[in-house]
Every structure is written in C-alpha cells, then in structure tokens.
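Taking it in order: structure first as structure tokens, then the write-up.
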Amino acid sequence: MKSVRVRFAPSPTGGLHLGGVRTALFNYLFAKKNEGTFVLRVEDTDQTRFVEGAEQYIIDSLQWCHILPDEGPMKPGTYAPYRQSERKEIYKQYAEKLVAEGHAYYAFDTPEEIESMREKLKAEGKHQLQYGMETRHRMKNSLSLSKEETERLLAENAPHVIRIKVEKEEIISFNDMIRGPIEMNTNTVDDKVLLKADGMPTYHLAVVVDDYLMKITHAFRGEEWLPSAPVHVLLYKYLGWEKEMPQWAHLPLILKPDGNGKLSKRDGERLGFPVFPLEWNDPNKGLAKGFKELGFLPEAFINMLAMLGWNDGSEQEIFSLEELVEKFSIDRVHAHGAKFDYEKAKWFNHEWIKKLPVSDLAKRVKPILLNEGFEINDPQKLENIISLVKERCTLLTDFITQTSFFFKTPETVDFTGISSKWNENKNQFFIELIRAYELAVLWKHDDLENGFKELASVHQIKSGELLFAFRMMLVGGKFGPGVFDIATIIGKEETIKRIRIVLSTLEKSTF
RNA sequence: GGCGCGUUGGUCAAGGGGUUAAGACGCCUCCCUUUCACGGAGGAAUCACGGGUUCGAAUCCCGUACGUGCUACCA
C-alpha cells in the first residue's frame, strides 16, 4: 500500500482564519491516523496579493495548535522547494508540454479585448461569458492565429498566457471522499489560464503539478474549490497522470453566525469574536486579535474546530488532539457548512480549563498574571488559587479578575449591599473578629470559620449577612470562592488589614 | 443568468425505511451553595415545502423553494 501524503497549501495573503486552520487540522488528523506525512506548502502564486510575514504567521499558528508539519518551508525535504514562487520554471515546463501536445494554447488577448468580448456576448444575449470552447476561435490565440503569426508574436515577446483547451461534451467524473461520486459536463468549464503573463502559474496548474511531483495521495481543500475540480481532473488526464491523481475531499464552509455567507474577518469585528488563531496584523486591513490573545487554550480551539463539521457519532464532545487522531474518519465529515458559534467556542474553553491538570494550567495562567503586575513567588500558592477559581473562568484572561484579590487589596469595594443593613452590632462583631483573629496561632480554614460562626451566634446575627460583608471586605465584590478559603490564602495580616479598611470607611459614611 | 454543493430546534448535531426524533451550546424553572461559579433535576423549541415509492418515509426518488459557492492573468 502506498503511504499517505497529505498537503496543506494555504495562500499567504490574508493570514490564516478559522476555515484554514480546520483544513490544516483535518489534513493533520488524516495523515497521523494513517501514519502518513503532512506536507506544508505555500501558494504564493500571486505576488500582488502576497502579504509579508504571512508565511511565518501560518507556521506560528499551526505550531500554537500543535499541528506541526513534518515537512514544510522551514524544513525542506525531498520535495523542496515548497514555495511556489521558487518553482516557477517547473510549472512553465509542464505548461509548454501541454501546448506541444495540443491540450493548451497561447493566448495574446489583452484584458481589454477579453472585456469587449464579454460585452459583445452580453449584447448577443448569451449567458455564458467565458473564454472557452464557444469563443476561443474569435480571440487572439494560437488556435485562431496562423502558425507563422503565433511564432512571430512569441518571438516578439508579446505578452501572453497559456490556457487549457477544454474539449466539448465530455463528462468529468471523480470521487469526493465526503460527497461521493461527482459528475460535471465540460461544456460549462472555461479555458482557464494556466500560466500567467508574468510567468507565474495559476492555482490550477500549481496544485496539479505540485501534488503530482510531491506524491500527494490525499488532498483536502475548501468547498469553494469544487467547481474548478474538473479543470484539475482534466490536467491530470492531459499530463498523463490519471493514476497518480490524489483522492479529494472538499470540506464544508464555516459560515457567519448570524446571516449568510462565509465567515470573514469583518464578521469577527462586527460581532465581537476572533477569527484568527493568533493576532494577525494585515497591512491593508489592520490588526485583529486572535483566539490566543483572548485567552483560549489551543486544545479547546482545535477541539471546537474539529466539532464544527465532524463528530464520531457518539455523545463525546471533548477530544484531545490524540483522541481526535484516533477517532477521526473522513467519511464522518459533513457535506454542509456550519455556522460558527462563539458561545459554544467559549464553552469548549471552559471545559478544557476544568479538565487540564492544575500544574499545567498554572504554567499558562502565570504569564498572564505576571503581565498584570501580580507578584507570584510561591508556585504552590498559585496552584491552590487556580484550583479554587478555575470553574469560574471561561477564558484564561478571566483569571485576572478571579485571582486579583489574592494578590492585591481590593481598590474599590461595592458597599451597596452592606451599608444599608449596617448597624452598630455588626460593627462590633467585626471589631471583635479582628481581636480574635489577631490571637489566632494557627491560621487554618476550619478554625477561622468556626471562630467566625461562634462569634456570630454570640452577637445573635445570622452569619449569612456577616459572611456577605466579610466577602465584600476581602474580595471587593460579589464573586469568588469561599471567604475562608480566601482568608486562609491571603493570610492573617492581610485579612485583618482588609477588615479594618472597610470598617473605617463604613464608620465615616454611616455614622 | 449558468453550473456545482447543501437543507433535522435559535446554533452545533445523532439518526441512513418502523425511535416517545439522542446529546451539546444558549434560554427558562427548581435544587445545591447564606456570594459568583461548578454540579444536579426539569422545561420550551426541530425533520424546508409538494409530489411519488412503500403496509409504513426525517430516512429512498423527483420536483419546488431557500441557502451557499464558483462563474478573474485571486486563491
């Protein structure tokens, strides 16, 4: 059996958005599952749209998600180079071969001439405005021109492209791993440009040549490529590579959450969620935050992406990369698009925060807290804090507000809940609590709680109201883990300090 | 316009001739918790429409509608 080689071939023009990462993920899963090779190749066939830094961005993104290519632009292997701009001569050679064998031709038309052809067709009431079997004889190309004229133009270096010559009334059929058998008539296929006037290939020529030369066995790409698949099948046929044609899978689209159409960067801005794995700074479109910066775990990110268009038929929803490799099967990928749901994406992250071992989670949370200016000197203390608050955190960045009171005295305290019910008795309770806590030798959770409750019954106050006030003193707001857990961690001195601060403020405002 | 692909609650979805049509997110109610979460128990909400085929259709076939993609010297 031939070993599996899949390729991920993004174009470095607009970063790498959700759909792109998912294609990469499915490629990776399929390759791993079959103990095959994952090839990363860069489709920079259009220099005018190439964005500087995008190639590195793609690599960084895939590394963040732990989809590490075995081969790629960073690690040239047997089939290098992987950048299409570096393979220019290879494509030209095959394009010329196709011309020589009568499957392609030179076309000398200017864009204006093509435009006027379309205008004319429109005027004639035609629906199909393509440069193809119906129109090529009216145009300026090596099929309509005499041999001498063609040679003269070529000798003069007249600008020209090479177009595929699509034959009439031919049924193209191929099998899609997701959609099953697909048939299309060549009559609706136009004579696509294969080699551009600048000598660069179009995508159509480049994929076919690269996949063949790099011995690709399985090719996954977005559904938007389905209509041009016949051109690629034709190229395999004309180049005599039919037996080497990879198996295709056209992945469904990821759609906007609210309306219609493919998810775009603008939708993210409009609806307030990221569409890029990492922060992406497009020189033309500006900065866009990524899932990483917003506090997503890569585990949750790929888990969420995998479930958008695939499931294993069971009720399981939380999968690690390893589990995905084990369970993945291409025939369970859906044929229809799925709307992206940011709420569900956050739910995945929440689940992963709860699932990850505390020590692992601490490593990822620590830099975020350090960046916030929190002082972390005791790793065990950090882990204790994290295990106390992790259920309350959906995003990694939530740990900032959920842990700040462990590191800093609250700057503002929400008094609205306590000041209205405040009285001298309660005031006296806390004064005595300070005294009792000052005398505490061991600073233990249960002792603190018992002491607190005994004192409350002495004062004949329901401990609920007091606990609420105590929480305000320690946390500053109506959230966080148990108050005695907090007191235990922040320590005697800090606990007493916080009670005093609030007490004096209340004294000023209430009495 | 032409061609392709698709259509199960608001969203992600299981199901592939006989089911009370799973489950998850979100929403609502209650329990737990004298906070916020976690957790637990419930609830509302679905087979796009019309024809066939069949004893029987969400499931198979055909139409229609709707959605979406392509229709560039972009990928």
Side-chain angles (χ1 to χ4, degrees), chain A residues 9-14 43-46 48-49 84 107 109-111 114-115 122 125-132 159-163 176 178-179 182-185 187-190 192-204 206-207 221-230 250 252-253 255-262 304 307-318 332 334-348 350-351 354 388-394 398 402 417 462-468 470-472 475 477-483:
Chain A
S11 84
T13 55
E43 292 188 341
D44 55 341
T45 52
D46 184 355
T48 60
R49 282 168 42 114
Q84 288 180 344
D109 317 87
T110 63
I114 295 174
E115 191 44 45
K122 223 182 273 177
K126 294 253 167 57
H127 293 308
Q128 261 172 245
L129 311 175
Q130 297 166 329
Y131 195 126
H160 66 276
V161 299
I162 292 179
R163 284 179 182 270
D176 184 279
I178 295 169
R179 285 152 223 277
I182 291 181
E183 278 194 359
M184 289 185 211
N185 191 309
N187 289 357
T188 56
V189 180
D190 59 343
K192 287 270 181 255
V193 170
L194 300 178
L195 204 70
K196 299 188 267 188
D198 63 0
M200 285 294 280
T202 58
Y203 171 85
H204 307 294
V207 247
R221 69 212 322 189
E223 189 187 341
E224 67 268 29
W225 288 109
L226 206 45
S228 50
H250 291 90
L253 267 13
L255 308 167
K256 301 176 201 286
D258 57 344
N260 315 316
K262 270 202 287 191
M304 174 273 291
M307 300 311 285
L308 215 51
W310 174 87
N311 71 76
D312 74 339
S314 76
E315 284 183 14
Q316 186 176 351
E317 286 195 273
I318 303 300
R332 285 201 65 91
H334 303 146
H336 59 266
K339 287 184 185 174
F340 175 68
D341 182 355
Y342 190 47
E343 289 306 317
K344 185 96 187 202
K346 286 194 286 191
W347 175 79
F348 276 108
H350 193 24
E351 291 301 308
K354 286 188 283 177
L388 229 38
V389 303
K390 64 177 187 169
E391 282 117 28
R392 283 156 245 261
C393 298
T394 300
D398 291 339
Q402 288 294 341
K462 274 189 272 176
S463 58
E465 281 179 37
L466 293 167
L467 280 165
F468 188 70
F470 195 26
R471 166 171 303 281
M472 287 305 161
V475 178
K478 208 177 134 186
F479 62 96
V483 279

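Proteins get letters first, then strands, A, B, ... in listed order; numbering begins at 1 in each.
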Find every protein N or O atom lying less than 3.5 Å from an N or O atom of nucleotides 12-15 of chain B, and list the pairs.
residue, atom, partner, partner atom, Å
B:C12, OP1, A:K339, N, 2.8
B:A13, OP1, A:G309, N, 3.1
B:A13, OP1, A:H334, ND1, 3.1
B:A13, O3', A:N311, ND2, 2.9
B:A13, O3', A:H334, NE2, 3.4
B:A14, OP1, A:N311, ND2, 3.0
B:A14, OP1, A:H334, NE2, 2.7
B:G15, OP1, A:R332, NH1, 3.1
B:G15, OP1, A:R332, NH2, 3.4

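- One can find a donor-acceptor pair under 3.5 Å joining the base of B:C36 and the side-chain atoms of A:R392.
- Across all strands, A:V161 comes closer than 4.0 Å to base atoms (heavy-atom distances).
- Contact annotation: A:K122 does not reach the phosphate of B:G1 (side-chain N/O to OP1 or OP2, under 4.0 Å).
- Across all strands, A:L467 comes closer than 4.0 Å to base atoms (heavy-atom distances).
- Here A:T48 lies out of heavy-atom contact (under 4.0 Å) with every strand.
- Among the protein residues, A:P159 comes within range of no part of the nucleic acid, since none of its heavy atoms lies under 4.0 Å from any strand.
- Regarding A:N187, its CG atom lies at a distance of 17 Å from the C1' atom of B:C70, rounded to whole Å.
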### Summary
RNA chain B in dot-bracket form (Watson-Crick or G-U pairs under 3.5 Å, [ ] crossing, | inter-strand) is ((((((((.[[[..)..(....]]].(((((.......)))))....[[[[[..)....]]]]])))))))....
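- Among the protein residues, A:D109 comes within range of the nucleic acid bases, having at least one heavy atom under 4.0 Å from a base atom.
- Within 4.0 Å of A:K346, counting heavy atoms only, lies no atom of the nucleic acid at all.
- Between A:Y203 and A:W225, the ring planes are parallel. Angles under 30° get that label, and only those over 60° would be called perpendicular.
- Rounded to whole angstrom, the span from the CG atom of A:L129 across to the C1' atom of B:G2 amounts to 9 Å.
- B:A41 and B:A24: their P atoms are spaced 10 Å apart (whole Å).
- Using the six-membered ring where Trp is involved, A:F340 and A:Y342 have ring planes that are tilted, between 30° and 60° apart.
- As judged by a 4.0 angstrom heavy-atom cut-off over every strand, A:A197 is placed among the base-contacting residues.
- Judged by a 6.0 Å distance limit and a 45° cone about the ring axis, A:R163 is positioned over the six-membered ring of A:Y131.
- Spacing between atom CD1 of A:I318 and atom C1' of B:G23 amounts to 13 Å, rounded to whole angstrom units.
- Regarding contacts with the backbone of B:C73, a side-chain N or O of A:R163 is found under 4.0 angstrom from either OP1 or OP2.
- Using a 4.0 Å heavy-atom criterion, one finds that A:Q130 contacts the sugar-phosphate atoms exclusively.
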